[in-house]
J.: 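One structure is given below, represented as structure tokens, and several questions about it will come after.
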Amino acid sequence: MENIEQRSKQLAKTYEPNEVENRIYRFWMEGGYFHAVPNSGKKPYTIVIPPPNITGQLHMGHALDNTLQDILIRWRRMQGFEALWMPGTDHASIATEAKIVEAMAKEGISKEDIGREGFLKRAWEWKETYGSRIINQLKKMGSSCDWERERFTMDEGCSKAVREVFVRLYEKGLIYRGERIINWCTHCRTSISDAEVEFEEKEATFYHLRYPLTDGSGYLELATTRPETMLGDTAVAVHPDDERYAHLIGKNVILPIVNKEIPIISDTYVEMDFGTGVVKITPAHDPNDFEVGLRHNLPVVTVIDEGGIMNEFAGKYSGMTIMECRKEIVKELEEQGWLVKTEPLKHNVGSCYRCRTVIEPRISMQWFVKMEPLAGPATEAVKNRYTRFVPERFEKVYFHWLENIRDWCISRQLWWGHRIPAWYCQDCGYVTVGRDDPSVCENCGSSDIKQDEDTLDTWFSSALWPFSTLGWPDKTPELDYFYPTNTLVTGYDIIFFWVVRMMFSGLEHTGKVPFDTVFIHGLVRDAQGQKMSKSLGNGIDPLEIIEQYGADALRFTLAAGNSPGNDMRFTTEKAEASRNFANKLWNAARFILMNIGDNKVELGLPDKLELEDKWIASRFNSVAAEITENLEKFELGIAVQKLHDFIWDNFCDWYIELCKSRLQGENASGGRQVLVFVMTGTLKMLHPFMPFITEEIWQTLPHEGEALMISPWPEYDTALDFPEEEREMERIMEAIRAIRNRRAEMNVPPSKKAPVYIETAFIPTFERGAVFFEKLAWASEIKVGSGFELDRAISIVTADATIKIPMDELVDKDAERSRLTREKEAVKKRLDGVMARLNNKAFTSKAPADVVNTAKENAARLNEKLTLLEQSLLNL
RNA sequence: GGGCGCAUAGCUCAGCCGGUUAGAGCGCUUGCUUCACACGCAAGAGGUCGGGGAUUCGAGUUCCUCUGCGCCCACCA
């Protein structure tokens, strides 16, 4: 307390976030306030962080995601929950491996040069160097994660969970290995899952080719966008019902250039209306053709290798890239007369979501998770409301995806990741899969076994994140207490990648849903509404915003702009407005501190409350109730907006102003007490949104407890409910606004004070409020009563009072008359509207009582105002 | 081919269960060296809530339909 004066002197005129933020964050860390422990006697509330990639740098998406999580976790912590925000990072196999390979390339080293061991050593070093970068950036945001529990998807515990899950699923027959056609990225040189393929409509050329019938009776015309794959054609297909070709089914055609006989088959996969109704079948390089090939037992001829180069089966084209080969083939087909025509065609092309390289469907031996048995429970859990989405519409997306799900290809031809725990016996061929690394074949005992070279899809480990981080598969107190977690906060763009997989994994392995609520947010876009991206270079760096405006301003901007599930635009103008708000708050605190001076301030409200005290207390109270409700409903944007309005409008623009004269007089201590009470209470509610500045101010003001971040959340208190005083204050405020309005219209400067005569039926109210008119309505003198006889005065009419201000030289009776008449007409028009409703039997009989009552009160007020206006006109 | 979202003040967006005179920030206009704050104060202008129809005592809000943007999913080569 003794340092308040000292502190208040230190308070700069404008808030300087940078120094404050680092100091406050350290203070929280030293206090251990972020740490949550099991079985504390409190109810748990848990959020697991979507683990950022170790390659990552904080971008606006992270900033939004983490702001929302921190708001929720701080709020729940203050509400008295044992709030755990579980942090960590993801190894991000493809992205990380690509980065390391890239870095090595600069040194002229390739993966093969240093081998698997050497590569992994480098990768871990890389992780040690860069893995903490994103974590430090999250700290700059103010994130109150339990850093003592920080995890990594490839740490010992997570790896153990991954191994356990793999073995369990394998033993249940839900993981299998097989030769399938999968999505192959020729750049990353690995398979990727269906979810990792991004489709984009592209302009292509549709080549119409003709293949001659072997019996010499003619040709079969077909069309393709990929002529180079004809080298791997093993059939042509038509629809069984297609009369045009029915007589040809079973006959053969000669594959041009290759000069090989291939059969004409029929399959319902062929669309009769599309192209010529004839499709060339290349089982090795097209997923549909692969299926057709299976149905018809067609041979598979692979002509493209894993690097996107034509292989030895491509004959003379061997060694060419796909595009080179296409060019050559088309040229040759044309020369030989097999090319009928070309036409432009728009069609969907899949590309790798990491590197944008066109996906090459490719047959290879891979590991898969059988999805059908897992998808059912995941669907049911949401249908039965064990987990819900906010906003709800995303459930539809979730269901749809699960309904159409195909088996998940989980093996990756990468080194950085969890290596597949399968060992192949070189003698008997048996596959040994186990929790511990085997030294011999489980089947024949041979010691000549080799581990699978592949690693698992990154998402395989992230899918376990909600429980692997809590200790699963061990039965830990953490798992028991914090699991299932409560809220999962993420963007709609990773529902498929992550949310779905956590859902079915959680259900399969723990028997419980991993979280009760999935809170979905949208993308942060730039000022033009474009997606922020590296290639466009339009990204706004959150760290720069923090540097310039402060972390609180960044958070406020993101929170205020959040409407569940919707995208938002980020502009520096918004950040600036948020910074201004922080400064407003800062100065309100400065004002209070200056007025406290050396005085001791008792905590809590004073015994005797003035009218304005009851008004602000009552407003504060309803705001507390509303905001809590908004937060419960995940309406964070609305909540923070309400706080903003309360602080700026009610507290700063009115209450502080109302207090000013009182703070100079006898009753100053009560005012100081109320100021501190409302300010600290408001700081509590604002804290989850703007943690740094609120903590800093709170520490400076008289307070109870060691930190704002662990002080109790304000609750609605019936003792603070003063509806009558709120109405009274409204009457006074309306009168003050009306006077200000009139004076502004007449261009009367504040320096020109004038007496104010108030004629009203609410004499006690206005007598109590009289003092406010001096400062806020520039009154030189106030009289409250009735029947004031004033010769040259302007009249200002509210529903509750007629205010007269003598201003000889400024009064123009004609202007007054026309103004009052205009106002009268406006009031009359509105009154007519209300009366029309009240005279409508259908309205009075069908509308609920409170709506009818409001209308009646309204009519009464309008009536009153109309009467007052008419009187003023008569008295002119 | 399915599904979803958005369309409200000059700009960016709120607006929950339908219910007084539709809000905020920025911008704009006018005035203000008011002893917390010009990153401020006071006052103000600005909206037939995309078009049409329906339900209702009452619709920005519900339903249908149309238009325009945007997104997601899907194996017509």
Side-chain angles (χ1 to χ4, degrees), chain A residues 11 13-15 199 206 222-226 229 237 269-276 278-282 286-291 345 347-348 361 391 393-394 396-397 400-401 404 492-493 495-496 522-523 527 529 549 553 560-561 563 565-571 573-574 576-595 629-630 633 635 637-638 641 644-645 652-653 656-657 660 664 737 740-745 747-751 775-776 778 826 830 833-834 837 840-848 850-852 854-855 857-859 861-862:
Chain A
L11 287 191
K13 210 169 171 181
T14 50
Y15 174 61
F199 286 95
F206 210 25
L222 52 82
T224 179
T225 53
R226 301 202 54 190
T229 61
Y269 150 70
V270 180
E271 290 283 330
M272 288 190 275
D273 306 334
F274 190 80
T276 60
V278 185
V279 184
K280 64 193 250 335
I281 302 296
T282 322
D286 182 282
N288 300 308
D289 293 6
F290 179 76
E291 297 296 326
L345 178 78
H347 78 323
N348 278 332
R393 69 182 133 94
F394 289 102
K396 222 171 179 171
V397 180
H400 183 254
W401 201 74
N404 301 312
Y492 57 69
D493 50 337
I495 293 176
F496 302 142
L523 265 40
Y549 303 104
S563 181
N566 290 354
D567 292 352
M568 65 169 294
R569 297 188 196 203
F570 191 97
T571 61
E573 286 77 14
K574 288 182 187 175
E576 201 176 309
S578 305
R579 187 270 319 264
N580 293 351
F581 174 58
N583 195 238
K584 185 73 184 176
L585 190 71
W586 183 251
N587 276 287
R590 277 182 70 220
F591 173 81
I592 296 171
L593 284 166
M594 284 169 116
N595 279 286
E629 198 185 321
N630 289 135
K633 288 153 75 179
E635 294 166 352
I638 296 173
Q641 187 64 50
H644 171 274
D645 294 350
C652 292
D653 289 347
I656 285 184
E657 295 303 325
K660 279 184 176 169
Q664 309 304 322
R737 282 192 209 105
R740 285 167 170 175
N741 179 331
R742 279 295 280 141
R743 289 180 54 119
E745 261 177 29
N747 279 319
V748 186
S751 53
K775 202 161 190 79
L776 304 186
W778 306 288
R830 277 179 44 208
V834 179
R837 287 205 296 156
N840 183 350
K841 274 220 183 76
F843 172 69
T844 47
S845 63
K846 288 187 179 175
D850 61 318
V851 173
V852 178
T854 316
E857 281 166 27
N858 226 334
R861 278 177 78 81
L862 286 169

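Only a predicted model underlies this, so the values are computations on that prediction, with no experimental measurement involved. Order of the sequence lines fixes the chain letters, A, B, ..., with proteins taken first and strands second; residue numbering starts at 1 for each chain. All heavy atoms count here, side chains included; hydrogens, waters and symmetry mates do not.
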J.: Would you write out the dot-bracket form of RNA chain B, 5' to 3', with Watson-Crick and G-U pairs under 3.5 Å, [ ] for crossing pairs, | for pairs to other strands and . for unpaired bases?
T.: (((((((..((((.....[...)))).(((((.......))))).....(((((..]....))))))))))))....

J.: Could you work out the separation of B:G23 and B:U8 based on their C1' atoms and round it to a whole Å?
T.: 10 Å

J.: To the nearest 0.5 Å, what is the distance between CG (A:N595) and CD (A:Q664)?
T.: 6.5 Å

J.: Expressed in whole Å, how much space separates the C1' atoms belonging to B:C28 and B:C11?
T.: 12 Å

J.: Give me the ring orientation class for A:F274 and A:F206: parallel if the planes are under 30° apart, tilted from 30 to 60°, perpendicular past 60°.
T.: tilted

J.: Any idea which heavy atoms bring A:M568 and A:G561 closest together, and the distance?
T.: CB-O, 3.7 Å

J.: When rounded to the nearest Å, what value does the distance between P atoms of B:U21 and B:U12 take?
T.: 29 Å

J.: Do we see a donor-acceptor contact under 3.5 Å between the side chains of A:R590 and A:N587?
T.: yes

J.: So what does A:T282 hit on the nucleic acid, given a heavy-atom distance under 4.0 Å: a base, only sugar-phosphate, or nothing?
T.: nothing

J.: By nearest atom, which of the nucleotides B:C16, B:A14, B:C75 is closest to the A:S563 side chain?
T.: B:A14

J.: In whole Å, what separates the C1' atom of B:U62 from that of B:C49?
T.: 16 Å

J.: For A:L222 and A:T276, work out which heavy atoms get closest and say how close.
T.: CA-OG1, 3.3 Å

J.: Any chance you could measure A:Y15, atom OH, to A:N580, atom CG, to the nearest 0.5 Å?
T.: 14.0 Å

J.: Whole-Å distance between B:G18 C1' and A:F843 CZ?
T.: 13 Å

J.: In whole angstrom, what separates A:E271's CD from B:C76's P?
T.: 9 Å

J.: If you look at every heavy atom in A:V834 and A:A855, which pair is closest and at what distance?
T.: CG1-O, 3.4 Å

J.: Atom CG of A:D850 to atom P of B:G58: distance rounded to whole Å?
T.: 18 Å

J.: Check the phosphate of B:A77 against A:R226, side-chain N and O only, distance under 4.0 Å to OP1 or OP2. Yes or no?
T.: no

J.: Going from CG on A:L523 to CG on A:D567, what distance comes out if it is rounded to the nearest 0.5 angstrom?
T.: 5.0 Å

J.: How many angstroms lie between atom CH2 of A:W401 and atom CD1 of A:I495, to the nearest 0.5 angstrom?
T.: 11.0 Å

J.: Can you tell me the distance, in whole Å, between the NZ atom of A:K633 and the P atom of B:C17?
T.: 8 Å

J.: Separation of A:N348 atom CG from B:A74 atom C1', in whole Å?
T.: 9 Å

J.: Using the P atom in both, what is the distance from B:C76 to B:U61, to the nearest Å?
T.: 37 Å

J.: Taking the nucleotide of RNA chain B with the closest heavy atom to each, which residue, A:E573 or A:V270, is nearer the 5' end?
T.: A:E573

J.: On a whole-Å scale, what distance lies between the C1' atoms belonging to B:A45 and B:G50?
T.: 24 Å

J.: Generate the contact string for nucleotides 34-48 of chain B. Rules: B means base contact, S means sugar-phosphate contact only, - means no protein heavy atom under 4.0 Å.
T.: -BBBSBSSSSS----

J.: Rounded to whole angstrom units, what separation is found between the CZ atom of A:R837 and the C1' atom of B:U20?
T.: 7 Å

J.: Given the P atoms of B:G5 and B:U65, what is the spacing between them in whole Å?
T.: 14 Å

J.: Rounded to the nearest Å, what distance is computed from the CG atom of residue A:L776 to the C1' atom of nucleotide B:C32?
T.: 15 Å

J.: How are the rings of A:F581 and A:H644 set relative to one another: parallel (under 30°), tilted (30 to 60°) or perpendicular (over 60°)?
T.: tilted

J.: Could you check A:K280 against A:D289 for side chain to side chain contact (heavy atoms under 4.5 Å, CB included), going step by step and ending with a plain yes or no?
T.: CA-CA 8 Å; A:K280 64 193 250 335; A:D289 293 6; 5.5 Å; no

J.: Roughly how far apart are A:H347 NE2 and A:F199 CZ, rounded to 0.5 Å?
T.: 10.5 Å

J.: Of all the nucleotides listed (B:U20, B:U21, B:A77), which has the minimum atom distance to the side chain of A:H347?
T.: B:A77

J.: Scan A:A577 against the nucleic acid and name what it touches under 4.0 Å (heavy atoms): base, sugar-phosphate only, or nothing.
T.: sugar-phosphate

J.: If you compare all heavy atoms of A:F843 against all heavy atoms of A:R837, which two are closest, and at what distance to 0.1 Å?
T.: CD2-O, 3.2 Å

J.: In whole Å, I'd like the distance from the CZ atom of A:F496 to the P atom of B:C72.
T.: 10 Å

J.: Let's test your reading of the model: under 3.5 Å, does the base of B:U21 pair with the side chain of A:R830 as donor and acceptor?
T.: yes

J.: Calculate, to the nearest 0.5 Å, the distance between atoms CD1 and NZ belonging to A:I638 and A:K633 respectively.
T.: 7.5 Å

J.: Nearest-nucleotide wise, let me know which of A:M272 and A:D645 is further upstream toward the 5' end of RNA chain B.
T.: A:D645

J.: Measure from the side-chain heavy atoms of A:I638 and tell me the nearest of B:A14, B:U12, B:A77.
T.: B:A14

J.: So which protein nitrogen or oxygen atoms get under 3.5 Å of nucleotides 4-7 of chain B's nitrogens or oxygens?
T.:
residue	atom	partner	partner atom	Å
B:C4	OP1	A:K396	NZ	2.6

J.: How far does the C1' atom of B:G53 sit from the matching atom of B:G70, given to the nearest Å?
T.: 26 Å

